[in-house]
Number of protein chains: 2
Amino acid sequence: MSQTVDRALSILPLLAEGPADLGQVADRLGVHKSTALRLLRTLHEHGMVYRQSDQRYRLGARLIALAQEAMENLDIREIAHPHLVRLNELCGHTVHLAVYEEAEVLYIDKVESRYPVRMYSRIGKPVAITVAAVAKLLLADLPEAELRALADKLDYPLYTARSTPNAPAFLKELERVREQGWATDLGGHEESINCVAAPIRGADGKVVAAMSVSAPNVVVTAEELLNLLPQVRRTADAISGEYSGRTPPKDPKDTV
Amino acid sequence: MSQTVDRALSILPLLAEGPADLGQVADRLGVHKSTALRLLRTLHEHGMVYRQSDQRYRLGARLIALAQEAMENLDIREIAHPHLVRLNELCGHTVHLAVYEEAEVLYIDKVESRYPVRMYSRIGKPVAITVAAVAKLLLADLPEAELRALADKLDYPLYTARSTPNAPAFLKELERVREQGWATDLGGHEESINCVAAPIRGADGKVVAAMSVSAPNVVVTAEELLNLLPQVRRTADAISGEYSGRTPPKDPKDTV
DNA sequence: AATGGTCGTTGCAGGCATTGCAACTCACCT
DNA sequence: AGGTGAGTTGCAATGCCTGCAACGACCATT
């Protein structure tokens, strides 16, 4: 709606790919160098971009700090965290918490597996929306019309042979997930990794978040992981209850 | 430099404090509601803000995702991480990695203590710049003039009785830190928490990051923590070496 | 040392995007 | 019903943004 702001904001994802100099930014925006310069300067004043010693620009510290605050403001995260930790202590595997927002599913919390560590925190990273167990739960709860529109717009990358191949298959899977009230991802994203997930609901019954337990099948088979389903569901239900105002932890907060 | 962009970006820190409705945003920006609306719409299109069900705005998912990418692009983080993990395995305490950028010091990585956990990841959060051990190391390496200007601008909050009280004391402490080549924070931020920190240097000798080990003194006394100093310095030096191109891990990257 | 090229920066004038106003809708409350 | 408050939209005026061109700094080449 606002051309100037639109252009300025377009710079950010561009810099997320890696540092770029003034000319590159101007080219990719399709504007004159001087225009790009002034936009970058404004972004710089707000700490959104940083100018490194070779004069190239990259994303700045304030952006990271803002995102941090944004996540801390999500009260579902705060409520859920101790439950996630407890579940991790019980089963030892990686536990994730995710939310849906405008065609994206985002991990907002994670408790690391107690088995040998790998990738560092991917908190904040958008998840593979067509295959992740948490994504299925979050999308399955969308209004029918919105869901159909979204399913059409999505890409269906074939990470593995078990990845969801296309929109009809996806919609069918979501149907199933909606009915059974939980979801799995059995090697749909990475061949050797399985997940079991359960939904977290608000007071009105709408799914506000989803949580999952993930483990490579060198540690536990898919069947063994499924044995954890009751525990995962209990944990999710406990979070739902607390989030909806039942069994208030310290101070009660009812009704949205 | 650009009024429109400036206003739009000013909305973000405002929303970081918590959700706000259109009127509140317009008031705090000092603009007409319609103006605020159009700015918010543009931010919304880019996913930087999200409109929750009660129509109020809060920070959006794309912002979080961008920040995530920004951190992954910091190659010092990638290089340092395994070293941090190794140090944590040796001593069991919380290990931090921090960088300086434009008057802010930011934690960009963290390995949790193996002792009972508390606060969840504060990665991305600006640190208490006047007392944190890592901040002392990062600031001590700034050019004299820049440092003096910065020291004047800073606030010196008295978190505890041992906090750095004012600019002269801070400059003196930095002097000491610069000479000894390492730093501590003994209860300057939280009464019961001590830290030991060491600098990580690039090929040109400039401090590019700093790392620290922190522990509450109910677990180890300050003296015991200081015994870890050689280990911390060795780790920092190892990271420095790898970052500068010496002992390349896989593929060598020399000079700057 | 001189020269040509590249890149970032700045002053300027013209034009268009942005702004604030006012009117409108919609929901909610009295 | 009437009234209040919030969000939204069309419109006209103006002030902000844009692109140009010239300048300066730096680097590489001759």
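All values below come from the heavy atoms of this structure, side chains included, with hydrogens, waters and symmetry mates left out.
- The nearest pair of heavy atoms linking Asp6(A) to Ser10(A) is O-OG, 2.7 Å.
- Atom C1' of nucleotide dG11(C) and atom CE of Met1(B) are separated by 12 Å, given to the nearest angstrom.
- Using a cut-off of 4.0 Å between Lys/Arg side-chain N and Asp/Glu carboxylate O, Asp204(A) and Lys206(A) are scored as not salt-bridged.
- Nearest heavy-atom pair across Arg28(A) and Leu14(A) is CB-CD1, 3.5 Å.
- With contacts defined as side-chain heavy-atom distances shorter than 4.5 Å, the pair Thr4(B)/Gln3(A) does not qualify.
- Rounding to whole angstrom units, CD of residue Gln55(A) and P of dT6(C) are separated by 17 Å.
- In this structure, Glu45(A) does not pair ionically with Arg41(A), as no charged nitrogen and carboxylate oxygen lie closer than 4.0 Å.
- Comparing atom distances between the Arg51(A) side chain and each of dG20(C), dA17(C), dT9(C) picks out dT9(C) as nearest.
- Judged purely by distance below 3.5 Å, without hydrogens or angles, the side chains of Asp109(A) and His96(A) never pair a donor atom with an acceptor atom.
- The phosphate of dT18(C) (OP1 or OP2) has a side-chain N or O of Ser2(A) nearer than 4.0 angstrom.
- Residues from residues 10-26 of chain B with heavy atoms under 4.0 angstrom of DNA chain D, sorted by number: Asp21(B), Leu22(B), Gly23(B).
- Counting only N and O atoms by type, the side chains of Tyr57(B) and Arg51(B) include a donor and acceptor under 3.5 Å apart.
- One interatomic measurement links the two molecules: CG of Leu29(B) to P of dT18(C), which rounds to 16 Å at whole-angstrom precision.
- Atoms CG (Asp54(B)) and C1' (dC28(C)) sit 15 Å apart, rounded to a whole Å.
- Only Val31(A), His32(A), Ser34(A), Thr35(A), Arg38(A), listed by number, bring a heavy atom of residues 30-41 of chain A to less than 4.0 angstrom from any atom of DNA chain D.
- Rounding to whole angstrom units, CD of residue Gln3(A) and C1' of dG15(C) are separated by 12 Å.
- With no hydrogens or angles considered, a side-chain donor-acceptor pair links Ser34(A) and Arg38(A) at under 3.5 Å.
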